[in-house]
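Encoded as structure tokens, the structure appears first; notes follow it.
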There are 2 protein chains.
Amino acid sequence: MLRLSTKGQYGVRAMYEIAKCSGLGPVTIKRISEEQHVSVAYLEQILSKLRRAGIIKSVKGPGGGYMLARDPKLISIGEILRELEGPVAITSCLDPKEGCVRVDSCVTHLLWKSLGDNIKRFLDGMKLQDLLQGDQFVALASKSGSAVKKGFSGRQGR
Amino acid sequence: MLRLSTKGQYGVRAMYEIAKCSGLGPVTIKRISEEQHVSVAYLEQILSKLRRAGIIKSVKGPGGGYMLARDPKLISIGEILRELEGPVAITSCLDPKEGCVRVDSCVTHLLWKSLGDNIKRFLDGMKLQDLLQGDQFVALASKSGSAVKKGFSGRQGR
DNA sequence: ATAATAGCTGAGTATATCTGTCAAGTATTT
DNA sequence: AAATACTTGACAGATATACTCAGCTATTAT
């Protein structure tokens, strides 16, 4: 359950590759393809989206390729995935494009919203820089292993 | 991204309905269908799986229906979803059925594993009882909003 | 016994999404 | 102007989703 599409996965791997080689000039799509084992044609689709989103920049012509548009500390995994797969939306009624008819009457609405918010917070907190450093991830809940409950979810940072 | 299938969603809603009416004798599939707006035929599929998993019990014949097999404090949302949709597996290489060829060489492996573990912890910590109480959910990360990082993920409970 | 109720099961199907490929560009540099 | 590299949109096969349907089995009330 809750699988990520390959587009998102490859997108993050591609971004990693670009970040890794930054400073050595633009990274060609061919290189990304070879290093990360993803076809050039498929990468074109993915990188095109990321470029339009302003996460990477491209340089045309011989010697061209892709480079980060910002410092890797300022690029989150969440942002990359959102551009490629749309926002986190556990259920269709939480998708901003669709909307929920009976928000208040639905017992589970808040459950899915809360889960979605957690995931979002995780993904937005994780930066490309962290991937580069191999600095990796002990989770949001460092504590007990059981969720923190409270009367109501209310506003949560976001 | 990361959408849950309707089977999982309906399953949780059905479990809620059964839990809500527990103490009034078995709940018929027809009632669940009407209250939760899911077709009888589709519910049969869903409830059948949950019954075989031992989460609910059924009584045949007139006056029959479904009831919880355990205290709602002991039934987690994670367990319900796992029976209906399989384990959380953000990527195919983290699916126990498939396995990963290059675990160590893959930079993103740990990222997805960590995200998956978080989700799992959230879902397993959330019990049917919590839904009943409308006692809902402030999330795993009560703190800063940024993920807690550490050198390596190491063993985490499970 | 038997009729009515209620759950049980597996097969089947339409639709949508995913996971790509292909072809024909356009822009830039040497 | 030739070579390199990115850009775009169309399209297609495979898989998964979201169901329905038909016919069955078990249980209880009369």
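In what follows, chains are A, B, ... by sequence order, proteins preceding strands, each numbered from 1. From a predicted model like this one, the values you see are computed outputs, not experimental measurements.
The pair A/Arg121-A/Asp117 does not count as a salt bridge, with every side-chain nitrogen at least 4.0 angstrom from each carboxylate oxygen. A salt bridge links A/Asp124 with A/Arg82: at least one charged nitrogen is closer than 4.0 Å to a carboxylate oxygen. One finds no salt bridge joining B/Glu17 and B/Arg13 here, because no Lys/Arg side-chain nitrogen approaches an Asp/Glu carboxylate oxygen to under 4.0 Å.
Protein atom CG of A/Leu43 is 14 Å distant from nucleotide atom C1' of D/dT7, rounded to whole Å. Atom P of nucleotide C/dA4 and atom NZ of B/Lys30 are separated by 17 Å, given to the nearest angstrom. The interatomic distance linking B/Leu50 (CG) with C/dG7 (P) rounds to 14 Å, in whole Å. The separation between A/Arg52 atom CZ and D/dG9 atom C1' is 10 Å, rounded to whole Å. We find that CG of A/Leu47 is positioned 14 Å from C1' of D/dT8, with the value rounded to whole Å. With rounding to whole Å, A/Leu84 atom CG is found 17 Å from C/dT17 atom P. What separates CE of B/Met1 from C1' of C/dT17 is a distance of 17 Å, to the nearest Å. In this structure, CD1 of B/Ile32 is placed 11 Å from P of C/dC8, rounded to the nearest angstrom.
Applying the 4.0 Å criterion to OP1 and OP2 of C/dA6, one finds that B/Ser58 has every side-chain N and O outside that range. Neither OP1 nor OP2 of D/dA5 sits under 4.0 Å from any side-chain N or O of A/Thr28. The side chain of A/Arg51 contributes an N or O atom lying less than 4.0 Å from OP1 or OP2 of D/dT7.
Using a 3.5 Å distance cut-off with no hydrogens or angles, the side chains of A/Gln9 and B/Thr91 do not pair a donor with an acceptor.
Considering only heavy atoms from C-beta on, B/Met15 comes within 4.5 Å of B/Leu68 through its side chain. Residues A/Trp112 and B/Val12 have side chains in contact (heavy-atom distance under 4.5 Å, counting atoms from C-beta outward). Using a 4.5 Å heavy-atom threshold, the side chains of B/Tyr16 and B/Ile77 count as separate.
Heavy atoms of A/Ile29 sit under 4.0 angstrom from primed sugar atoms or phosphate atoms, though from no base atom.
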Query raised in the report: If the sugar-phosphate is the primed atoms plus P, OP1 and OP2 and the base is the rest, what is the B/S/- string for nucleotides 18-28 of chain C, using protein heavy atoms under 4.0 Å?
Result: -BBB----BSB

